[in-house]
There are 2 protein chains.
Amino acid sequence: MIPMRHKRFDKMECPIARSLERVGEWWTILILRDALLGTTRFDEFQKSLEIAPNILTRRLRAMEEAGLLQRRRYSERPPRDEYILTRRGRDFSPVLLALLAWGNKHFAPEGESVSLVDARTGLTAVPAMYDAVSGRPITMRDFQFRPGPAANERIHRRYGAPKRERETK
Amino acid sequence: MIPMRHKRFDKMECPIARSLERVGEWWTILILRDALLGTTRFDEFQKSLEIAPNILTRRLRAMEEAGLLQRRRYSERPPRDEYILTRRGRDFSPVLLALLAWGNKHFAPEGESVSLVDARTGLTAVPAMYDAVSGRPITMRDFQFRPGPAANERIHRRYGAPKRERETK
DNA sequence: CAGTATCCTGTCCGATACTG
DNA sequence: CAGTATCGGACAGGATACTG
């Protein structure tokens, strides 16, 4: 039902691939961005994104089916809907923050066009990944991907044992 | 030169849109994922991703031109190249971590298939966004997007003033 | 092993016109 | 205002065969 470009990604079972499957197309991410900023109405999205209305309709529908947005009727006559982020949609914000940080660092030679600022201090924030359990910043040296409880054979091949352990056998 | 589906995204000047522009297509992200895990060779990528070789070639080329990978000749005859992550490519890892966390939380009803674990303790990590400046977790309540020094008119319209300030006028 | 060369298909997207 | 309907184009991606 949901138009998915690459069903293969879901088959991979990798959570990253699965996320990509759900986020679907590029517009989806920008729609999520606007929704996080408080946009809820069709024409607000359309003006902000300069997206063709038929495309916006299609994306909005797909996002509703994917559980990222919930449509809510705010007027019965005439029938008017608005699009509210679900929990799942709001939980996408770390991805947006990471994309923002990456873009600002690498593709803004003339300076940042959008910054994330601390509302209390007004200082420009530097979003980074930490492990909420240990409190330490995540680096690929200190942390590693490992097969989880639901891992299948493919996952075990890809993420299987870290190299140092493998060498012992 | 780089095949870009939506030049419009770059025009937007939004750092998120720009990042999407560079990351380009879905395969790109999965290639980055594998590269982060240590994959460097053409056939390793191909086997891991089950991607058609011509597509892989195309992606690898585009990613080299986008500065995500650097091609390095490791054998002169026969000529053999390997693909090494650049700094820019490695800096993409927070996005992958955020996608991993989102996928694990929302699209793994049967349990996690891939987990991030703390190499020291072996505990499953919970990747989250913090502000490296203030040390506080980033929420949309405590932090907000604001136009940066290089913001253009469009950005000001979108990220302009926060709502509460606007209400005072 | 590490790709290149062709041909083809899917579908995301854009433009435009129209409607309750 | 909030969409729907239709048509067309571009390009990522797939399949396959071939090469140094």
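Given the structure is predicted, the values throughout are model-derived calculations rather than measurements. Every chain is numbered from 1, with letters handed out A, B, ... down the list of sequences.
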Within residues 38-83 of chain B or reaching into it, pairs that qualify as ring-ring contact (aromatic ring centres under 6.0 Å, His included) - sequence neighbours excluded
none

Atom-to-atom span, CG of A:D43 to P of D:dC1 - whole angstrom
6 Å

In whole angstrom, give the distance that lies between atom CD of A:Q46 and atom P of C:dT16.
13 Å

Consider only side-chain heavy atoms of I, L, V, M, F, W and Y, link residues closer than 4.5 Å, and tell whether B:I29 and B:L68 are in one cluster.
yes

Can you check whether A:W27 has a side-chain N or O nearer than 4.0 Å to OP1 or OP2 of C:dG14?
yes

Heavy-atom nearest nucleotide on DNA chain C taken for A:I55 and for B:Y83; more 5' hit belongs to B:Y83

Are any of A:R61's side-chain N or O atoms less than 4.0 Å away from OP1 or OP2 of D:dT4?
yes

Measure CG/A:N54 against C1'/D:dT6 and give the value in whole Å, please.
9 Å

Is a side-chain N or O of A:S113 found less than 3.5 angstrom from the main chain of B:E13, in a donor-acceptor match?
yes

Which ILVMFWY residues can you reach from A:V117 by hopping between side chains whose heavy atoms are under 4.5 Å apart?
none

Of A:T57 and A:K47, the one whose closest nucleotide on DNA chain D sits nearer the 5' end is A:K47

Side-chain donor-acceptor pairs under 3.5 Å in residues 92-102 of chain A, sequence neighbours left out?
| from | atom 1 | to | atom 2 | distance (Å) |
| --- | --- | --- | --- | --- |
| A:S93 | OG | A:R90 | O | 3.2 |
| A:W102 | NE1 | B:R88 | O | 2.9 |

Which part of the nucleic acid does B:R73 contact within heavy-atom distance under 4.0 Å: base, sugar-phosphate only, or nothing?
nothing

Taking B:Q46's backbone N and O only, do any of them form a donor-acceptor pair with B:D43's side chain (distance below 3.5 Å, no angle check)?
no

Could you see if A:L69 belongs to whatever hydrophobic cluster contains B:M140? Use Ile, Leu, Val, Met, Phe, Trp, Tyr and a side-chain cutoff under 4.5 Å.
yes

Expressed in angstrom and rounded to an integer, what is the separation of B:L49 atom CG from C:dG3 atom C1'?
16 Å

Round to the nearest Å and state the distance from A:W26 atom CH2 to C:dG14 atom C1'.
19 Å

Take atom CG of B:D81 and atom P of C:dT4, then tell me their distance rounded to the nearest Å.
9 Å

Looking at A:Y74, I'd like to know whether one of its side-chain N or O atoms comes within less than 4.0 Å of OP1 or OP2 on D:dC1.
no

Will you find, in the side chains of B:S134 and B:D131, an N or O donor that is under 3.5 Å from an N or O acceptor?
yes

Could you summarise the pairing of DNA chain C as dot-bracket text, marking Watson-Crick and G-U pairs under 3.5 Å with ( ) or [ ] inside the strand and | across strands?
||||||||||||||||||||

Taking atom C1' of C:dT11 as reference, at what distance in whole Å does atom CD of B:E25 sit?
14 Å

Within the structure, does a side-chain N or O atom of B:R59 lie under 4.0 Å from either OP1 or OP2 of D:dG13?
yes

Using a strict threshold of under 4.0 Å (side-chain N to carboxylate O), is an ion pair present between A:E110 and B:R18?
yes

Strictly under 3.5 Å: I want the nitrogen or oxygen pairs between protein and nucleotides 17-20 of chain C, one per line.
| from | atom 1 | to | atom 2 | distance (Å) |
| --- | --- | --- | --- | --- |
| C:dG20 | N2 | A:R80 | NH2 | 3.2 |

Without decimals, in angstroms, what is the distance between B:F45 CZ and C:dA2 C1'?
13 Å

Heavy-atom nearest nucleotide on DNA chain D taken for A:F42 and for B:T28; more 5' hit belongs to A:F42

Applying salt bridge (Lys or Arg N to Asp or Glu O under 4.0 Å), which residue pairs with at least one partner in residues 92-107 of chain B are found, sequence neighbours left out?
A:D91-B:K105

